[in-house]
Number of protein chains: 2
Amino acid sequence: MRAPAQLVPDDACCSPLRSVPLGAGPAALLARRFAALSDPVRLRLVSLLATSPEGAVCVCDLVEPVGKSQPTVSHHLKVLREAGLVTSEKRGTNVWYAVVPTALESLRVVLGPVPTGG
Amino acid sequence: MRAPAQLVPDDACCSPLRSVPLGAGPAALLARRFAALSDPVRLRLVSLLATSPEGAVCVCDLVEPVGKSQPTVSHHLKVLREAGLVTSEKRGTNVWYAVVPTALESLRVVLGPVPTGG
DNA sequence: TCCAGCCATCGACGTATGTCGATGATAGGC
DNA sequence: GCCTATCATCGACATACGTCGATGGCTGGA
């Protein structure tokens, strides 16, 4: 259950937007990741995970802060997981989620200035 | 027509995701911007604008590269414009679009590590 | 073994989104 | 003034998405 269908690989897929015109394939890959961040609830979930002192948060501690039902939170976590932005780990009855720093970093690189010839 | 309804302001609206849990308001603002980047066609449009030597591209030169109809391209450009990611300027019969570097930079900041206490 | 708690999945609903053809608005050339 | 070119808007359609209540699968404790 940890990562059954990782639709987007963890590592970066594309060059910065300013380096070379994006092809259809890389654009689709990138779009999936940005789509994962295109919802307020998911952004708040990522923020809650990222700001956690332990680096991971139990699902039971995510439902109340975002103010959505448990199935809705579970759905959003699945979207983030399939986008490769978070990982999940089962501990007893609970499931703990954590952000994947390299995934956020890869998006940062895409938004950044072109490294060569800038 | 340049910027009739700027739904998202140009400057950054939020702290990095890792600094403090995101509130509902800032999350909604950010989500709108990421949503603008959540489509392959729009990502390619931004890339075409960003890689242009002149820094701006006529709409007539955007339709063919992305392989969509002219109304569809116009629709996507509107989404990008209302998200504050691009600007448009009329020159004669043509309309030239250009990226807003600070807008991309603000998203980069949000994805980045917390500046204080990192 | 049974029960309780936690989380994922399912089914359904309303809404938002991407896409196109047709049309309209504006600018420039004859 | 008329025609053409360029781009935005409109209307329509299929699909995707966010949301919830209900349900199911697992785990741990009594």
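Below, chain A is the first sequence line, B the second, and so on; all start at residue 1. Not measured: the values here are computed from a predicted model.
Picking from D:dA8, C:dC6, C:dA8 the nucleotide with the shortest atom distance to the side chain of A:V95 gives C:dA8. Here the side chain of B:S74 is nearest to one of D:dA8, C:dT9, C:dC6, namely D:dA8.
Between B:R33 and B:A103, the shortest heavy-atom contact is NH1-O, 4.1 Å. Contact between B:A50 and A:L17 at its shortest, heavy atoms only, is CB-O, 3.9 Å. Across A:S38 and B:A35, no two heavy atoms sit closer than the pair CB-CA, 3.4 Å. The two residues A:P101 and B:R18 make their nearest non-hydrogen contact at O-NH2, 4.3 Å. When all heavy atoms of A:A28 and B:P40 are compared, the pair lying nearest together is CA-CG, 3.9 Å.
Protein atom CD of B:E82 is 11 Å distant from nucleotide atom P of C:dT17, rounded to whole Å. Straight-line distance from the CG atom of B:L77 to the P atom of D:dA8: 7 Å, rounded to whole Å. Regarding B:E89, its CD atom lies at a distance of 14 Å from the P atom of C:dA27, rounded to whole Å. Going from atom NE2 of A:H76 over to atom P of C:dT9 covers 15 Å, rounded to whole Å. Nucleotide D:dG18 holds its P atom 13 Å from the NZ atom of A:K78, rounded to whole Å. As a whole-Å value, the separation of A:R91 CZ from C:dC7 P is 12 Å.
Taking every heavy atom of residues 36-65 of chain A and every atom of DNA chain C, pairs under 4.0 Å involve A:C58, A:V59, A:C60, by number.
Between C:dA8 and A:Y97, a contact under 4.0 Å exists linking OP1 or OP2 to a side-chain N or O.
When side chains are defined from C-beta on, A:L48 does not count as touching B:L22, because their heavy atoms never get closer than 4.5 Å. Taking 4.5 Å as the limit, some side-chain heavy atom of A:L37 sits within range of a side-chain heavy atom of A:L43.
How far CG of B:L62 is from NE2 of B:H76: 12.0 Å, rounded to the nearest 0.5 Å.
Under the 4.5 Å side-chain heavy-atom criterion for ILVMFWY residues, no single connected hydrophobic cluster contains both A:V79 and A:L85.
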Just the atom pairs and distances: protein N or O near nucleotides 20-25 of chain D's N or O, under 3.5 Å.
{"residue": "D:dC20", "atom": "OP2", "partner": "A:S69", "partner atom": "N", "Å": "3.1"}
{"residue": "D:dC20", "atom": "OP2", "partner": "A:S69", "partner atom": "OG", "Å": "3.1"}
{"residue": "D:dC20", "atom": "OP2", "partner": "A:T72", "partner atom": "OG1", "Å": "2.8"}

